[in-house]
J.: 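Just dropping this structure here.
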Amino acid sequence: MTGLRLGPLLRYVDWESGGSATVWVEADRPCTAEVRCADGAKGASPTFRIEGHHYALVPVTGLTPGTATEYEVLLDGHRVWPLEDSPFPASTIRMPDVPSPGVTVSFGSCRWSSAPADEHDPIGPDALDTLAAKLAAEPDAVRPDVLLLLGDQVYADATSKATKEWIATRRDLSEPPGAEVSDYEEYTRLYDESWLDPEVRWLLSTVPSCMIFDDHDVIDDWNTSASWLAEMRTTPWWQKRVLSALMSYWVYQHLGNLSPAALESDELYAAVRATDDGTDRLRRFAEEADTDPACVRWSYRRDFGRTRLLMVDTRAGRVLEEQRRSMLDQDEARWLRDQALAGRGSYDHLLIGTSLPWLLPPLIHDAESWNAALCRGERGERWARFGENLRRRADLEHWAAFPASFEKLAALIAEVGSGEDAPATVCVLSGDVHHAYVAEPEWPDAAQPDSRVLQLTCSPVHNSIPRSIQLGFTFGWSRVGRRLGHALARHGRVRRSAVNWGRTGGPWFGNQLMTLMLRGRSANLRLDQAQVVGAGADARARLVAADERELTASRDPSHSGG
């Protein structure tokens, strides 16, 4: 009898016209996967095969806007979801009204898989687990309409004890890459470990999700610089690693980001499904994507009623040559601009999802800009060698380390946010840096945008940060930190940025999620932290609100002070 290996994940839900959704599953053998809803909506799809694994992305049609319907999953006619004796409520597909009055978006990044239930978790409760427990226990609680996972969904370079032991049964850990992930099969283990967590499994089955990768989905500091990449390509294990990373990302994360119409026209998806085994075809695609990143677009757009999301790839498509270094290649930058400006006036809120923060603590921003200047030779060859070494050791590879891209994004945001058709808010949503904060920019030498512009950074979902780095991030916002940053910028002959910014919230440390509630032209933000409340037998993980604020009120005139 065919079994459900992983999933289901509710991925795409149609906000434009209503009536359709997609559900991702992995089965343990070839079969036909079917989704049946209580209201009669349904869909079916045969599985496709990659590296001995069997997957299906089931398009569900006939859903009614403005309703929620329970669903079940069948494999070759046998019901496999919901699980027998499940403690969770039935999984549902909630369709928005068309037109929708608003959307609730929760987001975060950086999630180590949770410790087994019978083990102590040294980094505290998982924010996704805690959200799932809350929604399961409180049916009337406000639930996200969509969950944005902004990178580091799995850690290929920091495996758990259990995964290390499993890898050791396959190969010699004394040979590179050691206990890190080596191939596609080992990537499947990471997703099993993360998505079979009972709470997360139920949550992802009933709340739609959008995803994008960051570095740890492949390796720490992925695509930091041209010399980094050249060095990695000389190692005997890198090629298998990066191809397996791209293949597994396409299967487990990327496909579910696409609409049914986009899937229907996707040549690779069609080719993989048209053969008994799509492994070779997908591997050729991964080889092409690795050799020529411009040939594939991992970024995508979603419209949730009058809220537009542009999820931007800030890892795979970088231009790494020092003299024309860019976070986005030319085509990707053009795509971002076109999507942001398309249909001006048709959306009230613009969300730019980028795993890496655009606005960092000012000291860190200036340090990265200074480092980029050294690396491109502003202070000579000796300083360039020092800069490259520092860049790798200190992870200096955010937007600030690509100064031209930083300024282009600033200019695009100002353009989008100005004029009669400007949205109420332009929010850059990010993670990566293992803490949360709110920052707001101003353009000192130009008219201020009409939109409220914010950098909203939230991470980790479930990870840790050393106390020393916490102090460093906090110091980075201070006046003394700013002055030190200005000194570094002067040494690097860094051109003054078009924007200044300051922190208006945070920093907050801990496992956490941010939630945006967007209704009409109003926007509200809440930061929830996963904390253990109570003691002894009464101790429970709870989501505790660390901050709540209205975002469409007037800006704080003192925000630039840090």
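Note that the numbering runs from 1 along the sequence shown for the chain.
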J.: Apply side chain to side chain donor-acceptor pair (under 3.5 Å) to S100 and list each qualifying residue two or more places apart in sequence or on a separate chain.
T.: none
J.: For a quick test of reading the model, state the closest non-hydrogen atom pair linking P89 to W202 and the distance between them.
T.: O-NE1, 2.9 Å
J.: What heavy-atom pair brings L135 and P144 nearest, and what distance separates the two atoms?
T.: CD1-CD, 4.2 Å
J.: Does some side-chain heavy atom of V438 sit less than 4.5 Å from a side-chain heavy atom of M514?
T.: yes
J.: Between W508 and H435, does any side-chain donor sit less than 3.5 Å from a side-chain acceptor?
T.: no
J.: Can you find a heavy atom in the side chain of L412 that is under 4.5 Å from one in the side chain of I352?
T.: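 No; the side chains remain at least 4.5 Å from each other.
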J.: Hey, is R391 close enough to E322 for a salt bridge, meaning N to O under 4.0 Å?
T.: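 Salt bridge between R391 and E322, a charged N being under 4.0 Å from a carboxylate O: yes.
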J.: Considering only heavy atoms from C-beta outward, does the side chain of L309 approach that of R301 to under 4.5 Å?
T.: no
J.: Considering residues at least two apart in sequence or located in another chain, which fulfil the salt bridge (charged side-chain N to carboxylate O under 4.0 Å, His left out) criterion with D126?
T.: R111
J.: For the side chain of E407 and the backbone of A498, is there at least one donor-acceptor N/O pair under 3.5 Å apart?
T.: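 Indeed, once roles are kept as given, a pair shorter than 3.5 Å links the two residues.
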J.: Just jot down the side chain to side chain donor-acceptor pair (under 3.5 Å) partners of N463, sequence neighbours excluded, or say none.
T.: Y155
J.: Determine the minimum heavy-atom distance between A373 and G492, stating which atoms define it.
T.: CB-O, 3.3 Å
J.: Which atom pair, heavy atoms only, marks the closest approach of G431 to L150?
T.: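 Nearest pair, atom of G431 first, then L150: N-CD1, 4.5 Å.
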J.: Out of the candidates K408, R337, R297, only one should pair with E332 under the salt bridge (Lys or Arg N to Asp or Glu O under 4.0 Å) rule; please name it.
T.: R297
J.: Side chain to side chain donor-acceptor pair (under 3.5 Å) for Q470 and S468? Distances and angles first, verdict last.
T.: CA-CA 5 Å; Q470 290 186 24; S468 59; over 6 Å; no
J.: Within the distance-only criterion (no hydrogens, no angle test), does the side chain of N371 pair as donor or acceptor with the backbone N or O of G387 below 3.5 angstrom?
T.: yes
J.: Are Q323 and E321 linked by a side-chain donor-acceptor pair shorter than 3.5 Å?
T.: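 Judged by distance alone, the side chains do not pair up.
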J.: Apply side-chain contact (heavy atoms from CB on, under 4.5 Å) to L328 and R318, showing your working.
T.: CA-CA 5 Å; L328 310 176; R318 296 176 173 186; over 6 Å; no
J.: With the side chain counted from C-beta on, respond yes when P441 and L359 share a heavy-atom pair under 4.5 Å apart, and no when they do not.
T.: yes
J.: By the ring pair (Phe, Tyr, Trp, His ring centres under 6.0 Å) test, which pairs, at least two apart or in different chains, include something from residues 303-356?
T.: W15-F304
J.: Do the ring centers of H254 and W298 come within less than 6.0 Å of each other?
T.: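 Yes - the distance between ring centres of H254 and W298 falls below the 6.0 Å cut-off.
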J.: Just by distance, no angles: are the side chains of D121 and H462 close enough, under 3.5 Å, to form a donor-acceptor pair?
T.: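 Yes, H462 and D121 have a side-chain donor paired with an acceptor closer than 3.5 Å.
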J.: Do T354 and W399 pass the side chain to side chain donor-acceptor pair (under 3.5 Å) test, and can you show the C-alpha distance, the side-chain angles, and the key distance before you say yes or no?
T.: CA-CA 10 Å; T354 160; W399 282 90; 3.1 Å; yes
J.: Evaluate the side-chain proximity of L374 to H491: yes if any heavy-atom separation is below 4.5 Å, no if none is.
T.: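 Touching, per the 4.5 Å side-chain cut-off.
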J.: Test side chain to side chain donor-acceptor pair (under 3.5 Å) on T307 and R519 and set out the steps.
T.: CA-CA 9 Å; T307 295; R519 299 291 182 271; over 6 Å; no
J.: When rounded to the nearest 0.5 angstrom, what distance separates OG in S209 from CH2 in W24?
T.: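 Here the interatomic distance stands at 10.5 Å.
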J.: Would you say S451's side chain and P423's backbone share a donor-acceptor pair under 3.5 angstrom?
T.: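 Looks like yes, one N/O pair under 3.5 Å.
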J.: Could you check whether S194 and W112, counting side-chain N and O atoms only, form a donor-acceptor pair closer than 3.5 Å?
T.: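 Per modelled atom types, W112 and S194 side chains form no pair under 3.5 Å.
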J.: Have a look at L10 and tell me which of I93, T92, V60 forms a side-chain contact (heavy atoms from CB on, under 4.5 Å) with it.
T.: I93
J.: Please check if any side-chain donor atom of N223 sits under 3.5 Å from a side-chain acceptor atom of E397, or the reverse.
T.: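 Note: N223 and E397 side chains miss the donor-acceptor criterion.
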J.: Could you tell me whether a side-chain N or O of D152 sits under 3.5 Å from a main-chain N or O of H216, the two making a donor and an acceptor?
T.: yes
J.: Counting distance only, does the side-chain N/O of D366 pair as donor-acceptor with the main-chain N or O of A489 below 3.5 Å?
T.: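 Side chain of D366 to backbone of A489, a donor-acceptor pair under 3.5 Å: no, none is there.
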J.: Salt bridge check: are R503 and E440 linked by an N-O gap of less than 4.0 Å?
T.: no
J.: Would you say Q448 and E442 are linked by a side-chain donor-acceptor pair, where the criterion is simply a distance under 3.5 Å?
T.: no
J.: Please step through side-chain contact (heavy atoms from CB on, under 4.5 Å) for the pair N524 and L551, ending with a clear verdict.
T.: CA-CA 5 Å; N524 290 275; L551 298 183; over 6 Å; no
J.: List in chain and number order the residues that pass side chain to side chain donor-acceptor pair (under 3.5 Å) with R392, two or more places apart in sequence or in another chain; answer none if no residue qualifies.
T.: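 In terms of side chain to side chain donor-acceptor pair (under 3.5 Å), with neighbours along the sequence ignored, R392 is linked to S227, E231, E388.
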J.: Kindly give the heavy-atom pair with the smallest separation between V103 and V105, and that separation in Å.
T.: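 Looks like CG2-CG2, 3.9 Å.
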J.: Report yes or no: do S326 and S405 form a side-chain donor-acceptor pair below 3.5 Å?
T.: yes
J.: Examine the side chains of S522 and T552 and answer whether a donor and an acceptor come within less than 3.5 Å of each other.
T.: no
J.: Ignoring hydrogens and geometry, is there a side-chain-to-backbone donor-acceptor pair from R376 to R325 under 3.5 Å?
T.: no
J.: Would T515 and R143 count as a side-chain contact (heavy atoms from CB on, under 4.5 Å) here? Give the steps.
T.: CA-CA 10 Å; T515 298; R143 71 161 57 198; over 6 Å; no
J.: When rounded to the nearest 0.5 angstrom, what is the spacing between CG in D217 and CG in D214?
T.: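 Between atom CG of D217 and atom CG of D214 there are 7.0 Å.
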J.: Are more than 12 heavy atoms from other residues, nucleotides or ligands located less than 6.0 Å from atom CZ of R495?
T.: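 Counting neighbours around CZ of R495, 12 or fewer heavy atoms of other residues, nucleotides or ligands fall under 6.0 Å, so no.
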J.: Can you tell me if S355 and D432 form a side-chain donor-acceptor pair at under 3.5 Å?
T.: no
J.: In terms of side-chain geometry, is the basic nitrogen of D313 or R315 positioned less than 4.0 Å from the acidic oxygen of its partner?
T.: no
J.: Hey, are the side chains of C210 and L149 touching, using non-hydrogen atoms and a 4.5 Å cut-off?
T.: no
J.: Do the ring planes of Y249 and F213 sit parallel (below 30°), tilted (30 to 60°) or perpendicular (above 60°)?
T.: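 Plane angle between 30° and 60°, so tilted.
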J.: Before giving the answer on side-chain contact (heavy atoms from CB on, under 4.5 Å), spell out for E16 and D303 the whole-Å C-alpha distance, their side-chain angles and the decisive distance to 0.1 Å.
T.: CA-CA 7 Å; E16 283 71 47; D303 287 339; 3.2 Å; yes
J.: Using side-chain contact (heavy atoms from CB on, under 4.5 Å) as the criterion, point out the one residue from V312, T314, I212, L310 that pairs with S299.
T.: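 Single side-chain contact (heavy atoms from CB on, under 4.5 Å) partner of S299 among V312, T314, I212, L310: V312.
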J.: If you measure from CZ on F406 to NE2 on H365, what distance do you get to the nearest 0.5 Å?
T.: 4.5 Å
J.: Is there a side-chain contact between V433 and L356 in this structure, where contact means two heavy atoms from C-beta onward sitting under 4.5 Å apart?
T.: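 A side-chain contact is absent here, since even the closest heavy-atom pair is not under 4.5 Å.
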J.: Which heavy atom of A372 sits nearest a heavy atom of A401, and at what distance?
T.: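 So the minimum-distance heavy-atom pair works out to CB-O, 3.5 Å.
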J.: Do R344 and D421 sit within salt-bridge range, that is, some charged N less than 4.0 Å from a carboxylate O?
T.: no
J.: Not counting sequence neighbours, which residues clear side chain to side chain donor-acceptor pair (under 3.5 Å) with N257? List them please.
T.: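 Counting only residues at least two positions away or on another chain, N257 forms a side chain to side chain donor-acceptor pair (under 3.5 Å) with R11, Y300.
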J.: Is there a side-chain contact between L255 and L263 (heavy atoms, below 4.5 Å)?
T.: yes
